[in-house]
2 protein chains.
Amino acid sequence: MSTSRDRTARATSAAGGIQGVRARARQEITVAIKDEARRQLAVDGAAKLSLRAVARELGMVSSALYRYFPSRDELLTALIVDAYDSMGEAAERADADLPNGASPVTRWVAVCCAVRQWGLTHPHEYALIYGSPVPGYTAPTTTIRSAARVGLLLIAIVREACESGRVTLPPLADEARPEAERIAADLAPELPPEVAAALVAAWAQLYGLLGFELFGQFNRVVEERAVFFEQAVTRLAQGVGLTE
Amino acid sequence: MSTSRDRTARATSAAGGIQGVRARARQEITVAIKDEARRQLAVDGAAKLSLRAVARELGMVSSALYRYFPSRDELLTALIVDAYDSMGEAAERADADLPNGASPVTRWVAVCCAVRQWGLTHPHEYALIYGSPVPGYTAPTTTIRSAARVGLLLIAIVREACESGRVTLPPLADEARPEAERIAADLAPELPPEVAAALVAAWAQLYGLLGFELFGQFNRVVEERAVFFEQAVTRLAQGVGLTE
DNA sequence: CCACGACAAGAGCGGTGCTCTCATTTTTGT
DNA sequence: ACAAAAATGAGAGCACCGCTCTTGTCGTGG
């Protein structure tokens with residue numbers, strides 16, 4: 001009788017920690033699944049990611065996997081969120097690693113290059129998030145926070161540059177003003193409308209450059225891709241009005 | 001006896017034309033397969049395109065389809081080539097439809113808008129060619145001719161603008177010069193290196209803008225996408241040095 | 001201590017891409 | 001003109017896929 005009490009106690013304190021062994025195991029298995037899936041993703045690409053193969057590799061039967069992810073798409077969604085976060089973190093770290101007084105242009109270029117570097121290191125994950133997310137599909141709310149990290153960082157850089165008077169941009173054509181004002185109001189009210197609009201455009205263009213490099217469109221066209229990219233994103237910085 | 005001769009004769013002249021009935025049938029069935037595949041692509045996206053479903057819809061058995069396309073990937077490649085051509089044709093027509101003395105900037109914007117319009121009309125086909133073509137994959141030689149059409153058109157516009165002295169761009173930073181010269185030499189020897197390099201960057205950036213719109217990255221960010229796009233590609237034109 | 005709920009395992013369903021064999025039909029060489 | 005050769009279609013079958021359902025086991029909370 002005392003033994004059984006001991007066992008119960010152990011289950012909810014010593015061995016299991018605060019959550020109990022089961023909750024702990026669930027968490028561990030969940031990340032194991034994601035890790036293995038990410039591994040297969042990096043090798044074969046998203047199209048060939050197979051729940052059965054993941055399960056097989058983990059020594060479990062495929063149906064067991066559905067206790068952790070209700071479908072293959074849900075697994076992919078989880079990988080997407082992780083990828084956004086991984087990329088966002090890389091970008092933020094690149095910015096944070098800069099010496100304190102770094103100029104806005106320097107920060108902008110550093111962040112862009114960090115994004116590129118992340119993409120080069122994780123091409124399939126990049127394809128997963130910026131490739132072809134089924135046209136018509138809108139990301140679940142849980143992803144948008146992670147997805148926005150790089151964008152928010154770029155906004156912050158430009159905002160700070162703005163506040164110290166290091167952003168100048170010619171005024172907008174009349175027909176483009178209203179939408180620019182809308183964008184600025186939604187995205188960064190502190191920014192002049194023409195800067196906010198230019199920033200959104202530059203943001204998209206950055207991923208155009210990177211996508212072309214990663215997806216082979218630059219094959220036999222651009223060779224020295226690092227210098228080409230740096231040159232292009234420097235001009236992008238000028239395009240949003242960053243002057244130093 | 002005369003009947004058998006007649007039948008033979010018909011087979012190689014009247015009914016079959018110069019090529020024989022079989023070659024003709026092969027051609028027709030090939031396009032029928034591609035049409036049906038394109039139909040399914042437009043509905044469900046590339047991931048769900050299924051040879052069996054195509055065969056079923058065409059009233060043939062799935063194995064018969066392999067007489068026309070050796071694999072699902074080959075079918076997709078054929079669709080890719082057609083998509084590039086369709087898009088290239090749309091762009092070329094938009095340029096050709098302009099009044100004769102249209103300025104380079106006007107032509108540039110018109111071509112970009114035509115590309116956008118094509119993408120909006122064929123989102124899944126756009127995703128097929130500019131989405132995620134398996135990182136590491138290099139397009140078969142047959143596709144590059146079709147893939148280059150829009151690019152060549154943009155080059156032509158800039159070249160003509162250049163010849164009439166309507167292109168000016170600040171000189172390049174030293175470290176970016178060699179690669180710019182390489183690009184110019186390979187792509188358009190008539191163009192100044194800084195223009196050629198800027199053109200390649202603008203080309204990629206155009207697809208960044210379009211991809212973000214088509215793939216939902218602009219959801220809840222940009223609303224008036226047509227005016228935003230036109231504004232952005234106008235600035236892209238300025239970025240390659242087009243002045244009017 | 002026990003009933004409940006989380007879990008792993010297995011069988012199974014309908015689908016996929018692709019291969020192989022076999023009969024039929026067209027083309028082609030003599 | 002006829003037989004050999006090549007092209008085509010049909011069908012069965014293999015291995016794999018995502019996903020569901022049932023069954024038995026084992027932590028866990030009342």
Side-chain angles (χ1 to χ4, degrees), chain A residues 1-30 32-33 37 40-41 44-78, chain B residues 1-30 32-33 37 40-41 44-78:
Chain A
M1 13 224 80
S2 80
T3 62
S4 81
R5 191 163 50 77
D6 283 0
R7 225 187 293 125
T8 309
R10 206 183 303 123
T12 61
S13 65
I18 239 171
Q19 315 206 46
V21 291
R22 211 146 215 187
R24 188 184 243 12
R26 179 166 240 289
Q27 183 121 340
E28 279 171 11
I29 295 180
T30 303
I33 292 171
Q40 295 193 13
L41 180 67
D44 293 322
K48 306 203 170 173
L49 195 162
S50 137
L51 284 191
R52 287 181 117 114
V54 171
R56 209 179 302 131
E57 211 67 26
L58 260 45
M60 41 169 87
V61 83
S62 74
S63 61
L65 224 147
Y66 285 82
R67 302 271 174 199
Y68 300 88
F69 295 93
S71 76
R72 182 180 178 278
D73 278 356
E74 293 286 333
L75 211 201
L76 276 177
T77 300
Chain B
M1 18 215 82
S2 76
T3 64
S4 81
R5 189 163 51 77
D6 283 358
R7 225 186 295 123
T8 310
R10 204 181 304 123
T12 60
S13 66
I18 240 171
Q19 307 211 40
V21 292
R22 210 147 215 184
R24 188 184 239 25
R26 178 166 242 288
Q27 184 122 338
E28 281 170 12
I29 294 180
T30 303
I33 292 171
Q40 296 192 14
L41 179 67
D44 294 321
K48 305 202 169 173
L49 194 161
S50 138
L51 283 191
R52 288 182 114 112
V54 170
R56 211 179 301 131
E57 210 66 26
L58 261 46
M60 41 169 86
V61 83
S62 73
S63 61
L65 223 147
Y66 285 82
R67 301 280 178 196
Y68 299 88
F69 296 93
S71 77
R72 182 181 180 278
D73 278 356
E74 292 286 333
L75 212 200
L76 276 177
T77 300

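Chain naming here is simple, since letters A, B, ... match the order of the sequence lines and numbering starts at 1 in each. Quantities reported herein were computed from a predicted structural model and do not represent experimental measurements.
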Practice task
Write down the distance between CG (L49(A)) and C1' (dC17(D)), rounded to a whole number of angstrom.
Solution key: 12 Å
Practice task
Output the residues of residues 61-74 of chain A in contact with DNA chain C, where contact means a heavy atom of the residue under 4.0 Å from an atom of the strand; sort by number or write none.
Solution key: V61(A), S63(A), A64(A), R67(A), Y68(A)
Handout entry: Inter-axis angle, terminal five-pair segments of the helix from dC1(C)-dG30(D) to dT30(C)-dA1(D) [nearest 10°]
Key = 10°
Completion exercise
Residues L49(B) and R72(B): closest non-hydrogen pair is O-NE, 2.8 Å
Exercise for the section: Ignoring backbone atoms, test whether R22(B) places a side-chain nitrogen or oxygen under 4.0 Å from the OP1 or OP2 oxygen of dT24(C). Expected result: no
Handout entry: Donor-acceptor contact present, side-chain R26(A) to main-chain R67(A), <3.5 Å
Key = yes
Practice task
Take atom CD of Q40(B) and atom C1' of dG15(C), then tell me their distance rounded to the nearest Å.
Solution key: 14 Å
Practice task
Could you tell me whether L75(A) contacts a base, only the sugar-phosphate backbone, or nothing, with contacts defined as non-hydrogen atoms closer than 4.0 Å?
Solution key: nothing
Practice task
Measure from CG on L51(A) to C1' on dT20(D) and round the result to the nearest Å.
Solution key: 13 Å
Problem - N/O (side chain, R56(B)) to phosphate O (OP1/OP2, dG14(C)) under 4.0 Å - result: no
Problem - Nearest-angstrom distance from the residue atom CG of D44(B) to P of dT16(C) - result: 11 Å
Practice task
Working to the nearest 0.5 Å, report the span between CD1 of I33(A) and CG of L65(A).
Solution key: 4.0 Å
Practice task
Classify the side chain of R52(A) versus the base of dG18(D) as yes if they form a donor-acceptor pair under 3.5 Å and no if they do not.
Solution key: yes
Exercise for the section: Would you kindly give the CG-to-P distance between L58(A) and dA8(C), to the nearest whole Å? Expected result: 11 Å
Practice task
Quickly work out the I33(B) CD1 to dG17(C) P distance and round it to whole Å.
Solution key: 13 Å
Completion exercise
CG (L41(B)) and CG (L76(B)) are apart, to the nearest 0.5 Å, by 7.5 Å
Handout entry: Q27(B): side-chain contact (heavy atoms from CB on, under 4.5 Å) partners, not counting sequence neighbours
Key = none
Fill in the blank from the handout: Shortest non-hydrogen pair, S62(A) vs A55(A), comes out as CA-CB, 3.6 Å
Handout entry: Euclidean distance, atom CZ of residue R26(A) to atom C1' of dG27(D) [Å, nearest integer]
Key = 14 Å
Problem - Sub-4.5 Å side-chain heavy-atom contact between Y66(B) and L51(B) - result: yes
Problem - Minimum heavy-atom distance F69(A)-L75(A), with the two atoms named - result: CD2-CA, 3.8 Å
Exercise for the section: Please report, rounded to the nearest Å, how far the P atom of dC16(D) is from the CD atom of E57(A). Expected result: 14 Å
